[in-house]
A.B. asks: 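Dropping the structure in here first, questions after.
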Amino acid sequence: MACDFKTIDEKWQKFWQENNTFRSLPSSAHPKFYCLEMFPYPSGKLHMGHVRNYTIADVVARFKWMQGLNVIHPIGFDAFGQPAENAAIKNKTDPAAWTYKCIDWMRQEMRRLGFSYDWQREIVTCDANYYKWNQWIFLKMFERGLAYRKPATVNWCPSCATTLANEEVVSGGCWRCKAQVEQKELEQWFLKITDYKEALLDDLKLLNNWPARVISMQENWIGKSQGVEIYFKIKETGETINVFTTRVDTIFGATYIVLAPEHSITVKLKDKISNLKEVELYIKKAKQKSRTERVDAAQTKSGVQIKGITAINPVNNEQITIWIADYCLMEYGTGAIMAVPTHDQRDFLFAKEHNLPLRIVIQPQNQEPLSEHQLSEAYEGDGIQVNSGQFDGLDNNQAKVRIADWMQSTGIGKIQTHWRLRDWLISRQRYWGTPIPIIYCDRCGVVPVPDDDLPVKLPEKIKISGEQGSPLTKVKEFVNTKCPKCNAKALRDTDTMATFIDSSWYFLRFCSPDFDSAPFKKEDAKYWMPVDQYIGGIEHAILHLLYARFFTKFLKDLKLVDFSEPFNRLLTQGMVLKDGIVMSKSKGNVIDPDSVINEYGADTLRTFILFAAPPEVELEYSQRAIEGSWKFLNRVWTLVSQISGTVVEKSEKDKISALLRKTHQTIKKVTSDLENFKFNTAISSLMELVNAIYQEVADNKRKDAEVFLAVKTVVLLLAPIAPHICEEMWQMLGGKSPVSKAIWPTFDENLIRTETVAIIIQINGKLRSKIDIEVDSPEERVRELALNDEKIKNWLGAKQIKNIIVVKDKLVNIVI
RNA sequence: GGGCAAGUGGUGGAAUGGCAUACACGAAGGAUUUAAAAUCCUUUGGCCGUAAGGCCGUGAGGGUUCAACUCCCUCCUUGCCCACCA
């Protein structure tokens, strides 16, 4: 009789819900375990990527429950964001209505997958009870000077009169109306994440249980680099241009200087520039380009020389030309670079384009010396200094240090540390987000909304057209207010916050979701935090994780938390593919999880997704493999059905049977596999145990205590993976309380140990024979047995034995 | 362009430096069935051989080692992330 997955799914989902099985409260009786997945954006339906993410987390949570830990496993919705606004424009509805509809749908799907959430902790970030605390944290940052305003450029569509996100700019045009996108400067709010750059970098060392590649991505993003700031004098005026370089060893090869179009020197020395018109035209054009356009690798090496002024290289007093090029960005370094075309590929291409001089200053060792006129690309490797004055003959890495010291002591440069990390721009000219709690008063200036007036509520049911700027600017009741200081007429900030703010501290809100006098209750956070296991996609490896770390450090400075890193252990799961490409709407290869659940049940989908690949790598969706998982679960089901009604017979006591040993081996293997997220091999070994039970029942017609134990063990070990049918089977086997809260089985090392062990015999490293011998046999005996083995004797013949290597209980290798 | 992964049967994938291909899918054969589905059992890396058995084999080429899918070097391919980041 095949298993009726659908009925069983519903029965147990109802049971868990009615019995609050996964409700978690602080308790000193058991150690806590905080299991968290990256909460979803409510876009409409769950996709396979969600299913994978949440299934992995669910197995971890259920496994920890069964191991007796006090587990917190919450879920919520990251509900603010542009898609809701766009959907509202398209369907002429309200973003709130659309969002809550999506949430209802997704919540239902999550229930249908049997996830063990504590639903009483659910949070939705577009709820004023949540975003109130975004505003509160923002104001705390404002008080401490960590939130500040400065002008910044945005992508601006002149025809829609609205700002565009980078992804809404499609090859230089607006995605909706195709109009040419402009760059517009606006006063915007920034958070001073750079104040925490050192801690953000240093504390990466504490994250031993994060994937190495996420650590290195964060390191690169923070981008600490040691280098030298070099002062180039302008011959004609005596002004100085500061240049930052990490390759000071190449300074003698600098043959020109490149400035960012925004560099102030062009304005300052206007009068001296002989081709001013040409220069100004270039600057104007460069400023119109979006950042992405400017950094587009396909772009030609455009640039223009500033005529009438020349720079002096301070190390050799050489006069060199000065250029402006849009590939040089003002935000990095000093907005000016020294160009060394022989040892930097970008400079090389630029120099070739504009016919600029080359000089080699580093010669590679152990190969033909390079020459300027034969160079086809820059040489960026190490070597020996040449054409470098008193530093000739030094190894370039040594020279780097010597030149830097020399520059510092002679005052032509200064050793400096540069960071790539910029402050975080959080203003969005959008409706569907947290209003920025700031009021502008003619008399008092920038005034923060007092704590007592929080939340600044987002006006509801307003018209959103996607045109004529931010919708909030047109809501008079919202914009017009009174200054909290002087009570005069004043205006609210009409921007909203970037949604990454919402996800930067939500893990703390889960600890006390209803608390109403602070973002979270200190004692609760102290009990539950930090997150023991965090699980999510690699696409969040940089921004989300960095912002969450930043917020945590800030909250520590506020003394609201006593730890500096929010996530102890991180798992980044791989993507779900179909036919070798990422499953996505745009590719049209999406499989709806719902349809799989309807046909095969939630447990089948869960088992498949865990079995098909290790969690960190890509997973290829396969209908056949779904059926395979379904077959396996049915096999287990059939076994339990057959055995559950029968009388248990006594088993022979005197010896440890193969089945009992296999049972204990499987407990050991599955336990360690689940600890290490090796779900695929955990399932394999469960399959092996099930196969072994089938053999016993078929061959020996056994239905004794050992068979019962083996079957019960399968149900327990499988419970985190396929919880619905395991609950049902557990009940069939006489379990009184839910298997979800049953005690995880333990193994007996004595039952695993065997008396004999198979030793492999190699000749010159190749397998030639095998023998069974007693465990712990002395080397002498192993050697003797190996040499007396018939097959080995044949192989050896009269050949001379050079050496024999014996690895205890494992192998003998005879070298001839 | 930079950084980081990965490359193993027809397919998804196993393998603390020690039996390569566990487990599963697919395929072939068999049992059961009036028949089919489902289920159960057997076989299944390639080549040679009736067989016993042998040889080859983890992207390519080198190296270290008694022994390499695993460690080192060079290269190729694919994927991901970041990107004129000085």
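Just so it is clear, the values below take in all heavy atoms, side chains as well, and ignore hydrogens, waters and symmetry mates. Chain naming here is simple, since letters A, B, ... match the order of the sequence lines and numbering starts at 1 in each. Keep in mind the model is a prediction, meaning the values are calculated, not measured.
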A.B. asks: Using a 4.0 Å heavy-atom cut-off, does E616(A) contact any base of the nucleic acid, only the sugar-phosphate backbone, or nothing at all?
C.D. replies: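 Nothing: the residue E616(A), judged by heavy atoms under 4.0 Å, touches no strand.
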A.B. asks: Mind calculating the distance between CD1 (I761(A)) and C1' (A67(B)) to the nearest angstrom?
C.D. replies: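 Spelled out: CD1 on I761(A) to C1' on A67(B) is 15 Å.
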A.B. asks: To the nearest Å, give me how far apart CD (E688(A)) and P (A14(B)) are.
C.D. replies: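 After rounding, the reported distance stands at 14 Å.
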A.B. asks: Base, sugar-phosphate alone, or nothing: which one does G628(A) contact when heavy atoms must sit under 4.0 Å apart?
C.D. replies: sugar-phosphate
A.B. asks: Where the side chain of M575(A) is defined as all heavy atoms beyond and including C-beta, which of C66(B), C80(B), C81(B) is the nearest nucleotide?
C.D. replies: C80(B)
A.B. asks: For A83(B) and C47(B), measure between their C1' atoms and round to the nearest Å.
C.D. replies: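 Nearest-Å result for A83(B) against C47(B) at atom C1': 49 Å.
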A.B. asks: So that I know where these two stand, are F632(A) and F611(A) an aromatic pair - ring centroids less than 6.0 Å apart?
C.D. replies: no
A.B. asks: Please evaluate residues N220(A) and R420(A) with respect to the criterion side chain to side chain donor-acceptor pair (under 3.5 Å), reporting the C-alpha separation (whole Å), side-chain torsions for both, the decisive distance (0.1 Å), and the verdict.
C.D. replies: CA-CA 8 Å; N220(A) 290 338; R420(A) 189 185 169 281; over 6 Å; no
A.B. asks: Take K669(A) and I814(A), find for each the nucleotide of RNA chain B with the closest heavy atom, and name the residue whose nucleotide sits nearer the 5' end.
C.D. replies: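 Its nucleotide being nearer the 5' end, the pick is K669(A).
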A.B. asks: Taking the basic N atoms (NZ, or NE/NH1/NH2) and the acidic carboxylate oxygens, is any pair closer than 4.0 Å for K662(A) and E688(A)?
C.D. replies: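 Looking at E688(A) together with K662(A), the answer is yes, because their closest N to O distance falls below 4.0 Å.
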A.B. asks: Which part of the nucleic acid does W630(A) contact within heavy-atom distance under 4.0 Å: base, sugar-phosphate only, or nothing?
C.D. replies: nothing
A.B. asks: From the set A22(B), A14(B), C55(B), return the single nucleotide nearest to any side-chain atom of N680(A).
C.D. replies: A14(B)
A.B. asks: Tell me what R768(A) touches on the nucleic acid: a base, only sugar-phosphate, or nothing, going by heavy atoms under 4.0 Å.
C.D. replies: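 The residue R768(A) makes sugar-phosphate contact but no base contact.
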A.B. asks: Measure across F567(A) and A548(A) and return the closest heavy-atom pair with its distance rounded to 0.1 Å.
C.D. replies: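 The answer is CE1-CB, 3.8 Å.
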A.B. asks: Whole angstrom is fine here: how far is it from CD1 in I542(A) over to C1' in A83(B)?
C.D. replies: 11 Å
A.B. asks: Rounded to whole angstrom units, what separation is found between the CD1 atom of I626(A) and the P atom of G12(B)?
C.D. replies: 17 Å
A.B. asks: Considering every strand and a 4.0 Å limit on heavy-atom distances, what is the contact class for A612(A): base, sugar-phosphate, or nothing?
C.D. replies: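 Sugar-phosphate, backbone atoms only, no base.
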A.B. asks: When we call it a touch if two heavy atoms are under 4.0 Å apart, what does F632(A) touch: a base, just sugar-phosphate, or nothing?
C.D. replies: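 No contact at all - F632(A) keeps every heavy atom at 4.0 Å or more from the nucleic acid.
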A.B. asks: Applying the Watson-Crick and G-U wobble criteria at under 3.5 Å, what pairs with C85(B)? Answer none if nothing qualifies.
C.D. replies: none
A.B. asks: Looking for any heavy atom pair under 4.0 Å, which part of the strands does N691(A) touch: base, sugar-phosphate only, or nothing?
C.D. replies: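 Since only primed, P, OP1 and OP2 atoms lie under 4.0 Å of N691(A), the category is sugar-phosphate.
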A.B. asks: Of the candidate nucleotides C84(B), C4(B), C80(B), which contains the atom at the shortest distance from the side chain of I538(A)?
C.D. replies: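 Output: C80(B).
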A.B. asks: Could you check V636(A), V640(A), T663(A) and say which one makes a side-chain contact (heavy atoms from CB on, under 4.5 Å) with V714(A)?
C.D. replies: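 Testing V714(A) for a side-chain contact (heavy atoms from CB on, under 4.5 Å) against V636(A), V640(A), T663(A) leaves exactly one candidate, V636(A).
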A.B. asks: Can you tell me how far P of G3(B) sits from NZ of K224(A), to the nearest Å?
C.D. replies: 20 Å
A.B. asks: Can you check nucleotides 16-20 of chain B for protein contacts, nitrogen or oxygen pairs under 3.5 Å, and list what you find?
C.D. replies:
| residue | atom | partner | partner atom | Å |
| --- | --- | --- | --- | --- |
| U16(B) | O4 | K810(A) | NZ | 2.3 |
| G18(B) | N2 | Q762(A) | OE1 | 3.1 |
| G18(B) | N2 | N813(A) | ND2 | 3.4 |
| C19(B) | O2 | K770(A) | NZ | 2.5 |
| C19(B) | N3 | K770(A) | NZ | 3.4 |

A.B. asks: Do the side chain of R420(A) and the base of C85(B) come within less than 3.5 angstrom through a donor-acceptor pair of N or O atoms?
C.D. replies: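 Indeed, a donor on one side and an acceptor on the other fall under 3.5 Å apart.
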A.B. asks: Using the P atom as the point on both nucleotides, what is the distance between U64(B) and A27(B), in whole Å?
C.D. replies: 47 Å
A.B. asks: Taking NZ, NE, NH1 and NH2 as the nitrogens, is one of them in K793(A) or D789(A) under 4.0 Å from a carboxylate oxygen of the other?
C.D. replies: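 No, this pair does not count.
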A.B. asks: Taking pairing as Watson-Crick or G-U wobble with both contacts under 3.5 Å, can you name the mate of G18(B), or confirm there isn't one?
C.D. replies: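 Looking at the geometry, G18(B) pairs with C66(B).
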A.B. asks: Using both distances under 3.5 Å as the test, list the Watson-Crick or G-U wobble partner of A51(B), or none.
C.D. replies: none
A.B. asks: Distance check, P atoms only: C19(B) and U11(B), in whole angstrom units.
C.D. replies: 24 Å
A.B. asks: In this structure, how many angstroms lie between the C1' atom of A38(B) and the NZ atom of K631(A), rounded?
C.D. replies: 9 Å
A.B. asks: Is G9(B) in the syn range, within 90° of 0, or in the anti range?
C.D. replies: syn
A.B. asks: I need the CZ-P distance between R635(A) and C23(B), as an integer number of Å.
C.D. replies: 12 Å
A.B. asks: Using the ring centroid of each side chain, check whether W424(A) and Y547(A) are separated by less than 6.0 Å.
C.D. replies: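 Close enough - the centres of the two rings lie under 6.0 Å apart.
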A.B. asks: What integer distance in Å separates E627(A):CD from U39(B):P?
C.D. replies: 10 Å
A.B. asks: Should D249(A) and R247(A) count as an ion pair when the cut-off is N to O under 4.0 Å?
C.D. replies: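 Here D249(A) pairs with R247(A) in a salt bridge, since their nearest N and O are under 4.0 Å apart.
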A.B. asks: Please state the P separation for the pair A38(B) and A28(B) - nearest whole angstrom.
C.D. replies: 13 Å
A.B. asks: Strictly by Watson-Crick or wobble contacts shorter than 3.5 Å, is anything paired with A31(B), and which nucleotide is it?
C.D. replies: U39(B)
A.B. asks: Quick check: on RNA chain B, is the nucleotide nearest S684(A) upstream (toward 5') of the one nearest T334(A), or the reverse? Name the residue that is more 5'.
C.D. replies: S684(A)
A.B. asks: Please tell me if W419(A) has a side-chain N or O lying less than 4.0 Å from either OP1 or OP2 of A86(B).
C.D. replies: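 For W419(A), the contact criterion (side-chain N or O under 4.0 Å from OP1 or OP2 of A86(B)) is not met.
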A.B. asks: Say we look at U58(B) and G7(B): how far apart would their P atoms be, to the nearest angstrom?
C.D. replies: 13 Å
A.B. asks: Could you give the distance separating A68(B) and G18(B) at their C1' atoms, to the nearest angstrom?
C.D. replies: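 The same atom, C1', in both gives a distance of 10 Å.
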A.B. asks: Would R753(A) and E749(A) pass as an ion pair if we require N to O under 4.0 Å?
C.D. replies: no
A.B. asks: Just compare C4(B), A15(B), C25(B) and give me whichever is closest to any side-chain atom of T681(A).
C.D. replies: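 Among C4(B), A15(B), C25(B), the one nearest the side chain of T681(A) is A15(B).
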A.B. asks: So what does S622(A) hit on the nucleic acid, given a heavy-atom distance under 4.0 Å: a base, only sugar-phosphate, or nothing?
C.D. replies: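 It contacts nothing in the nucleic acid.
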A.B. asks: Should A5(B) form a Watson-Crick or G-U wobble pair with both distances under 3.5 Å, which nucleotide is its partner?
C.D. replies: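 Partner of A5(B): U78(B).
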A.B. asks: Looking only at side-chain atoms of R213(A), point me to the closest of G3(B), G54(B), C4(B).
C.D. replies: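 The listed nucleotide nearest to R213(A)'s side chain is C4(B).
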A.B. asks: Can the ring centres of W630(A) and F608(A) be said to be less than 6.0 Å apart?
C.D. replies: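 So the answer is no for these two rings.
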A.B. asks: Taking all non-hydrogen atoms of both residues, which atom of A541(A) and which atom of M217(A) are closest, and how far apart?
C.D. replies: CB-CE, 3.8 Å
A.B. asks: In whole Å, measure the gap between the P atoms of G3(B) and U74(B) for me.
C.D. replies: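 13 Å, rounded to whole Å.
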A.B. asks: For U44(B), which nucleotide is its Watson-Crick or G-U wobble mate, given both distances must be under 3.5 Å?
C.D. replies: G26(B)
A.B. asks: What's the gap between C85(B) and C71(B) when it is taken at their P atoms, as a whole Å value?
C.D. replies: 32 Å
